[in-house]
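Side chains included, hydrogens not; waters and symmetry mates left out as well; all remaining heavy atoms used.
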Amino acid sequence: MKAVVVHGAGDLRIDERPRPEPAPDEVLLAMEWGGICGSDVSYWRKGASGTAALAHPLVLGHEVAGRIAALGAEVTGLSEGQPVTVHPARPVGGDLLPERLAGRTNLHPRVRYFGSAALTPHTDGGFSEFRAVPAAQIRPLPDGVDTESGALAEPLAVALHAVGRAPELRGRTVLVNGAGPIGSLVVAAARYRGAHTVVASDLSASSLSVARRMGADSVVDVSLGQELPQDVDVVFEASGAPAALGAALRATARGGTLVQVGNLPGTAAPSVLGDLVTREITWIGSYRFVDEIDDALVALRDGLDVSPVISHRFPLDQAEQALAVAADPGSASSKVMLRLATETPLHA
């Protein structure tokens, strides 16, 4: 089978690998769609994502969906041909979480995540024609949800987890600062959870256009000198840019909440943080998700449309071109998708 493998910084290859056989507790997936994430781009460009550095080649991809091609001998409740997505996280080791973290498996100290070099050996992702997956990580797609939308259940789960970290949104005004793919999905998630008014801000007109289609009532184009609204109940900071923190905190109402969704750098960076204290703002981090992928599938079943966030589609053989588009600020890209099933033509 073909697989999208990063061998080092700037070294991406379409490798031929043996087609896997499922273990007794696994299923074999025939992969159909994958969404490119910022971590995929970082492994390709830098050979690392955050503190996770490549020690050996890695199959990329954690936003994936496909159909079950074969069942392991011990697997029940699933069937061949069934369309599914994957919960990409699996805590490992016998570490017990302290009581304050009960149920928050996303904060487990050791997690194997699809397409991650955080542990050695690394955990291969799903940008391949086939992938053997533990049955416990399989999530069937609801009727009416295709595998392309199913591949976006993972980033939608990230957005729903972020929304869940905030106070009740029903009837509130929300600002989403940063309208990339995750920010635009946070817009949709906030709307889905009952926010009264959702404002999106960004430096990119194309990103703001996506945010509008995902449910933003209004947008702020910072590149034109437009200012963020003031006294916002809940702000989601989705850009991950330290320079944006001062304005995001200033936009947050006194006693309000700022949820940090965008990954901030692990090195020192200047930021204006004074309003955090003088306005008594609650600043909350949001990391991946727990089981919100199940909520994401319910939302997709209920009609939440993630298709506006998709800007490009490429076949598996053009994975490096797809990553380049996803990495290029001038490409007007949002979510770039890979068609992983090479025998099926790519639709327009």
Worksheet entry | Distance (rounded to the nearest 0.5 Å) between Phe127 CZ and His62 NE2 | 7.5 Å
Fill in: Distance in Å, Leu297 CG paired with Ser149 OG, rounded so as to fall on 0.5 Å steps
10.5 Å
Test your reading of the model: is there a side-chain donor-acceptor pair from [X] to the backbone of [Y], 3.5 Å cut-off?
X: Ser128; Y: Ala3; value: no
X: Glu148; Y: Asp146; value: no
X: Gln226; Y: Asp221; value: yes
X: Ser311; Y: Ser334; value: yes
X: Ser271; Y: Pro242; value: yes
X: Gln260; Y: Gly262; value: yes
X: Gln82; Y: Ser79; value: yes
X: Arg191; Y: Gly215; value: yes
X: Asp124; Y: Val59; value: yes
X: Ser42; Y: Ala48; value: yes

Practice prompt. For the pair Asp294 and Arg139, find out whether any cationic side-chain nitrogen is under 4.0 Å from an anionic carboxylate oxygen.
Written response: yes
Worksheet item: Is the shortest distance from a Lys or Arg side-chain nitrogen in Lys2 or Asp317 to a carboxylate oxygen in the other one below 4.0 Å?
Response: yes
Please check if any side-chain donor atom of [X] sits under 3.5 Å from a side-chain acceptor atom of [Y], or the reverse.
X: Asn177; Y: Ser201; result: yes
X: Asp217; Y: His196; result: no
X: Asp202; Y: Ser204; result: no

Item to complete: Using the side chain to side chain donor-acceptor pair (under 3.5 Å) rule, take Asp295 and His161 through it: C-alpha gap first, then chi angles, then the decisive distance, then the call.
Response: CA-CA 9 Å; Asp295 299 329; His161 180 73; over 6 Å; no
Worksheet entry | Charged tip of Arg288 within 45° of Tyr113 ring normal and under 6.0 Å | yes
Worksheet item: Does NZ or CZ of Arg131 fall inside the cone over Phe114's six-membered ring, less than 6.0 Å from its centre and within 45° of the axis?
Response: yes
Practice prompt. Measure the shortest side-chain to side-chain distance between Thr147 and Leu141 over non-hydrogen atoms and say whether it is less than 4.5 angstrom.
Written response: yes
Worksheet item: Given side chains that start at C-beta, do those of Leu338 and Leu316 come closer than 4.5 Å, heavy atoms only?
Response: no
Fill in: Glu63 vs Lys335, salt bridge (charged side-chain N to carboxylate O under 4.0 Å, His left out): CA-CA, chis, key distance, verdict
CA-CA 11 Å; Glu63 303 174 8; Lys335 180 58 69 176; 2.9 Å; yes
Worksheet item: Do His87 and Phe289 have ring centres separated by under 6.0 Å?
Response: yes
Worksheet entry | Pairing residues for Tyr192 by the ring-ring contact (aromatic ring centres under 6.0 Å, His included) criterion, not counting sequence neighbours | none
Practice prompt. Apply the test salt bridge (charged side-chain N to carboxylate O under 4.0 Å, His left out) to residues Arg254 and Glu280: give CA-CA distance (whole Å), side-chain angles for both, the deciding distance (0.1 Å), then the verdict.
Written response: CA-CA 6 Å; Arg254 295 179 185 275; Glu280 287 200 355; over 6 Å; no
Practice prompt. Write down the atom of Val325, the atom of Ser333, and the distance for their closest heavy-atom approach.
Written response: O-OG, 3.2 Å
Worksheet entry | For Val86 against Ile293, the heavy-atom pair lying closest together | O-CD1, 3.5 Å
Discussion item. Would you say that more than 12 heavy atoms from the other residues, nucleotides or ligands in this model lie under 6.0 Å from the CG of Asp143, or not?
Written reply: no
